[in-house]
Enquirer: 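Please find one structure pasted underneath; my questions will follow.
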Amino acid sequence: MKITIDACVLYPTVMREMVLGVAVTGAFEPVWSSRILEEWARAAIKLGPLGETQARSEIALLRSLWPDAEVPAALSVENRLWLPDENDIHVLATAVSTSSDAIMTLNAKDFPKGVLAEEGLSRLAPDEFLFGQWQQRPDALQAVAGKVLGEARRLSGQPWEMRPLLKKARLPRLAKALAQTG
């Protein structure tokens, strides 16, 4: 399965680490464009002067770990597409250009399921997708979540617990599922 990942999924660190941690297990092939990565870097400016610098470092790491994930959207494809927010058309064009199976986004209203279906795509919310992965492979998801939790504790210096960390990361169903099994 090939999934185009929107910037709103890549930008929050915990969400990105959970999603890409699952990709490392072979569950899916991630796809993005340079424009999607640039949106992430620009959004990180909100964190202050170091936010963009940190994002660009993380993007460089992402590019080294996933060298085939970044693909350009064909302009000819982009020109024929429509979405409620024209600023999101490039994400849809990336998905269509790469024959992705789905777009993973938090932005449901600007990626209507009917429009995506016309292009042979589905829309996935990160929590929905990760919860489904947990149902299929609970041990793999527990391992990914354990690594993410350990890294969150290390980087923040805070004694995070799994459920609050994942709830804060907008992954409530997965948080509840992992809390019940862990």
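All figures in this text were calculated on a predicted structure; none of them were measured in a lab. Worth knowing before you read on, the calculation uses all heavy atoms, side chains too, and leaves out hydrogens, waters and symmetry mates. Just so you know, residue 1 is the first one in the sequence shown, and it goes up from there.
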Enquirer: Quick check: closest heavy atoms across Asp88 and Leu83, and the distance to 0.1 Å?
Expert: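 Heavy atoms of Asp88 and Leu83 come nearest at O-CD1, 3.5 Å.
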Enquirer: List the atom pairs, donor and acceptor, that lie under 3.5 Å between side-chain atoms in residues 132-140 and the rest of the protein, sequence neighbours left out.
Expert:
unit_1, atom_1, unit_2, atom_2, d
Arg137, NH1, Thr25, OG1, 3.4
Arg137, NH2, Thr25, OG1, 2.5

Enquirer: Hydrogens and angles aside, do Asn107 and Asp6 bring a side-chain donor and acceptor to less than 3.5 Å of each other?
Expert: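 Result is no, nothing qualifies.
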Enquirer: Which residue is it: Arg154, Lys147, Arg153? I am looking for the one with a side chain to side chain donor-acceptor pair (under 3.5 Å) to Glu151.
Expert: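 Exactly one candidate clears the test, Arg154.
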Enquirer: Taking NZ, NE, NH1 and NH2 as the nitrogens, is one of them in Arg173 or Glu128 under 4.0 Å from a carboxylate oxygen of the other?
Expert: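 No.
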Enquirer: Roughly how far, to the nearest 0.5 Å, is the CZ atom of Phe131 from the CG atom of Leu174?
Expert: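 Rounded to the nearest 0.5 Å, the CG-CZ separation comes to 8.5 Å.
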Enquirer: Looking at every heavy atom in both Leu20 and Trp66, which two are closest together, and how far apart are they?
Expert: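 Where Leu20 meets Trp66 most closely, the heavy atoms are O-CZ2, 3.9 Å.
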Enquirer: Donor-acceptor pair, distance only, cut-off 3.5 Å: does the side chain of Asp110 make one with the backbone of Pro84?
Expert: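 Judged by distance alone, no pair lies under 3.5 Å.
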Enquirer: For Pro12 and Cys8, work out which heavy atoms get closest and say how close.
Expert: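 Minimum heavy-atom separation between Pro12 and Cys8: CD-O, 3.2 Å.
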Enquirer: Between Arg35 and Glu78, does any NZ, NE, NH1 or NH2 come within less than 4.0 Å of an OD or OE carboxylate oxygen?
Expert: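 Yes.
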Enquirer: Donor-acceptor check, side chain of Glu119 to backbone of Leu116, threshold 3.5 angstrom: yes or no?
Expert: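 Side chain of Glu119 to backbone of Leu116: no pair is present.
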Enquirer: Can you give me the closest heavy-atom contact between His90 and Ser33, atom names plus distance?
Expert: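 Here His90 and Ser33 meet closest at ND1-OG, 4.2 Å.
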Enquirer: Measure the CD-CD distance between Glu58 and Glu17 for me, rounded to the nearest 0.5 Å.
Expert: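 Separation between the atoms: 7.5 Å.
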Enquirer: Restricting to salt bridge (charged side-chain N to carboxylate O under 4.0 Å, His left out), what partner residues turn up for Arg170, sequence neighbours left out?
Expert: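 Salt bridge (charged side-chain N to carboxylate O under 4.0 Å, His left out) check on Arg170 returns nothing, list empty.
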Enquirer: What's the verdict on salt bridge (Lys or Arg N to Asp or Glu O under 4.0 Å) for Arg63 and Glu70, showing C-alpha distance, side-chain angles and the deciding distance?
Expert: CA-CA 7 Å; Arg63 284 176 165 146; Glu70 187 174 341; 2.5 Å; yes
Enquirer: Kindly indicate whether the side chain of Leu121, heavy atoms from C-beta on, has any atom under 4.5 Å from the side chain of Asp101.
Expert: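 No, every pair of side-chain atoms sits at 4.5 Å or beyond.
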Enquirer: Quick check on the hydrophobic clustering: are Leu155 and Trp40 connected, directly or via other members, by side-chain heavy-atom contacts under 4.5 Å?
Expert: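 No, because Leu155 and Trp40 fall into different hydrophobic clusters, even though each may have its own neighbours under 4.5 Å.
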Enquirer: For Thr98, which residues count as a side-chain hydrogen bond (donor to acceptor under 3.5 Å, both in side chains) partner, sequence neighbours excluded?
Expert: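 Thr98: side-chain hydrogen bond (donor to acceptor under 3.5 Å, both in side chains) contacts with Ser100.
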Enquirer: Could you check if a side-chain atom of Phe28 sits within less than 4.5 angstrom of a side-chain atom of Leu124, using non-hydrogen atoms only?
Expert: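 No, their side chains stay 4.5 Å or more apart.
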